[in-house]
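Predicted model only: the values in this text are computed from it and were never measured. Position 1 is the first residue of the sequence, and the numbers go up from there. Below, all heavy atoms of this structure are taken into account, side chains as well, without hydrogens, waters or symmetry copies.
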Amino acid sequence: MRYELIIFDNDGVLVDSEPISNTLLAAYLTELGHPTSYEESLRDYMGSAMHRVHDLVEERTGRPLPADFDEVFHARVFAAFERELEPVPGAVQVLEKLAADGVPYCVASSGSHERIRVGHRKTGLDRWFDEGRVFSSQDVGRGKPAPDLFLYAAERMGVPPEKCVVVEDSPLGVQAAVAAGMDVYGFTAMTPADRLAGATRLFSDMGQLADLLV
C-alpha cells in the first residue's frame, strides 16, 4: 500500500446521500423563494458545509436564510435517510479489505457529526467507524475547499499529509485535498470527470478502489 492513511469523504463516497440531500435542499430553497433546481444544488453545494449555502444565498439575493434553516433542513434529511439511505455500492467491500489488511482509514466530511452518525447507523457502516475515525467540518474553522479538515484528520490520525490519500466526489473536496498537499482519487459515479480534473486519478467503481490504492 503506497499510502499510510485513506481519508474518505462521506456523502456520495460511503453513503449514497447526495441525491436525497440535494433534492431536499433544492426543494427547500425554492420553497423559501430562492428557486433552485436539483442540478443547481449539485453544482453549487455538493460537498460543502452548510455555511456555504447561507453565504451563497445571501450573496446572490441580499437576504439571509431563516435562523432555523439548518434545523428544518436536517430534520427533513434525517427522516429521508431513515426511509431511503443505502451505502454506496462497493463501499462495504473496500472497508472490509482495508480493515483486514490493517490499513488506517477515517472519514472527513463537510456534514455534521450527527449527519455522519445517522447515515452510518442506517447503512450499517457504523461498525467500521469508531469515534476516533470520524471528523467533521464542525471540528475546524473552515470547511472545504479549505484544507483545514483534511489536515486536521491527518494530524489526529498521526500521519503526515504527503502520506495520505483522499477519496472524494466533489470539486470542492478535490480542491481541499490538493490544498492540503495530499493525493486525491476522484470518484466519478455522480460527478462528471471534467469537474474533478485536479484529482491524482479518477475512478467510477467504488468496488475497485482497494486495488487501485496498491
Side-chain angles (χ1 to χ4, degrees), residues 1-21 42 46-48 85-111 115-117 119-130 132-136 144-145 147 149-154 156-214:
M1 180 69 64
R2 73 182 75 173
Y3 301 106
E4 295 181 9
L5 177 65
I6 318 301
I7 304 177
F8 289 96
D9 175 44
N10 189 55
D11 294 292
V13 169
L14 295 175
V15 296
D16 195 15
S17 52
E18 294 292 8
I20 298 171
S21 59
L42 288 175
M46 182 174 167
S48 68
L85 191 63
E86 299 289 342
V88 167
V92 170
Q93 291 87 341
V94 170
L95 293 171
E96 285 176 341
K97 182 165 178 52
L98 293 177
D101 292 345
V103 178
Y105 64 88
C106 65
V107 60
S109 172
S110 292
R115 178 184 172 119
I116 298 167
R117 283 300 177 203
H120 284 191
R121 282 197 300 269
K122 173 60 171 62
T123 58
L125 296 185
D126 54 342
R127 65 177 292 198
W128 306 106
F129 291 96
D130 56 40
R133 296 180 189 265
V134 177
F135 306 102
S136 161
K144 305 168 189 177
L149 176 57
F150 292 142
L151 292 172
Y152 176 75
R156 289 290 301 273
M157 296 293 290
V159 178
E162 64 271 16
K163 299 291 187 180
C164 300
V165 63
V166 175
V167 184
E168 264 288 354
D169 70 331
S170 76
L172 293 175
V174 169
Q175 292 173 43
V178 171
M182 301 176 180
D183 281 359
V184 53
Y185 282 29
F187 183 45
T188 62
M190 275 194 62
T191 308
D194 63 331
R195 297 199 66 211
L196 303 179
T200 308
R201 72 183 303 171
L202 301 173
F203 72 108
S204 60
D205 182 348
M206 188 58 64
Q208 298 176 348
L209 178 62
D211 292 334
L212 296 175
L213 292 171
V214 175

Test log, rule salt bridge (charged side-chain N to carboxylate O under 4.0 Å, His left out), inputs Asp183 and Arg2
CA-CA 11 Å; Asp183 281 359; Arg2 73 182 75 173; 5.7 Å; no

Is it the case that the side chain of Asp130 and the backbone of Gly132 share a donor-acceptor pair, with hydrogens and angles ignored and the cut-off at 3.5 Å?
yes

Do Trp128 and Val94 have side chains that approach each other closer than 4.5 Å (heavy atoms only, starting at C-beta)?
no

Taking Thr191 for the side chain and Asp169 for the main chain, is one N or O donor matched with an acceptor at less than 3.5 Å?
yes

side-chain contact (heavy atoms from CB on, under 4.5 Å) partners for Pro19, two or more places apart
Asp16, Tyr38, Met190

Provide the closest heavy-atom pair for Val15 versus Gly119 in the form atom of the first, atom of the second, distance.
CG1-O, 4.1 Å

Short question: side chain of Lys122, backbone of Leu85 - any donor-acceptor pair under 3.5 Å?
yes

What one should report as the nearest heavy-atom pair of Gly90 and Met206 is C-CG, 3.9 Å

Heavy-atom side-chain proximity of Leu95 to Phe8 below 4.5 angstrom
yes

Rounded to the nearest 0.5 Å, what separates atom CG in Asp205 from atom CZ in Phe187?
7.0 Å

Taking the ring of Phe135 and the ring of Phe150, is the distance between their centroids below 6.0 Å?
no

Are any of the side-chain heavy atoms of Ser110 and Asp11 separated by less than 4.5 Å?
no

Testing Ser136, Ser21, Ser109 one by one against Arg115 for a side-chain hydrogen bond (donor to acceptor under 3.5 Å, both in side chains), which residue passes?
Ser21

Is the closest side-chain heavy-atom distance between Leu14 and Val88 below 4.5 Å?
no

Taking every non-hydrogen atom, the tightest pair across Gln175 and Pro145
OE1-CB, 3.6 Å

How are the rings of Tyr105 and Phe129 set relative to one another: parallel (under 30°), tilted (30 to 60°) or perpendicular (over 60°)?
perpendicular

If you compare all heavy atoms of Pro161 against all heavy atoms of Leu151, which two are closest, and at what distance to 0.1 Å?
CG-CD2, 3.8 Å

CG-CZ distance between Asp211 and Phe203, expressed to the nearest 0.5 angstrom:
11.5 Å

Interatomic distance, CD@Glu168 vs CG@Asn10, rounded to 0.5 Å, equals 10.0 Å

CD of Gln208 to OH of Tyr185: how many Å apart, nearest 0.5 Å?
12.5 Å

Minimum heavy-atom distance Gly47-Leu172, with the two atoms named
C-CD1, 4.4 Å

Look up atom CE in Met46 and atom CZ in Arg195, then write down how far apart they are to the nearest 0.5 Å.
8.0 Å

So which heavy atom on Ile7 is nearest to which on Ala153, and how close?
CD1-CB, 4.5 Å

Working note: Asp9 + Val166, criterion side chain to side chain contact (heavy atoms under 4.5 Å, CB included); need CA distance, chi angles, decisive distance, verdict.
CA-CA 7 Å; Asp9 175 44; Val166 175; 5.7 Å; no

Arg117 CZ to Leu125 CG distance, which is reported to the nearest 0.5 Å
10.5 Å

How about Ile6 and Pro104: do any of their side-chain heavy atoms sit closer than 4.5 Å?
no

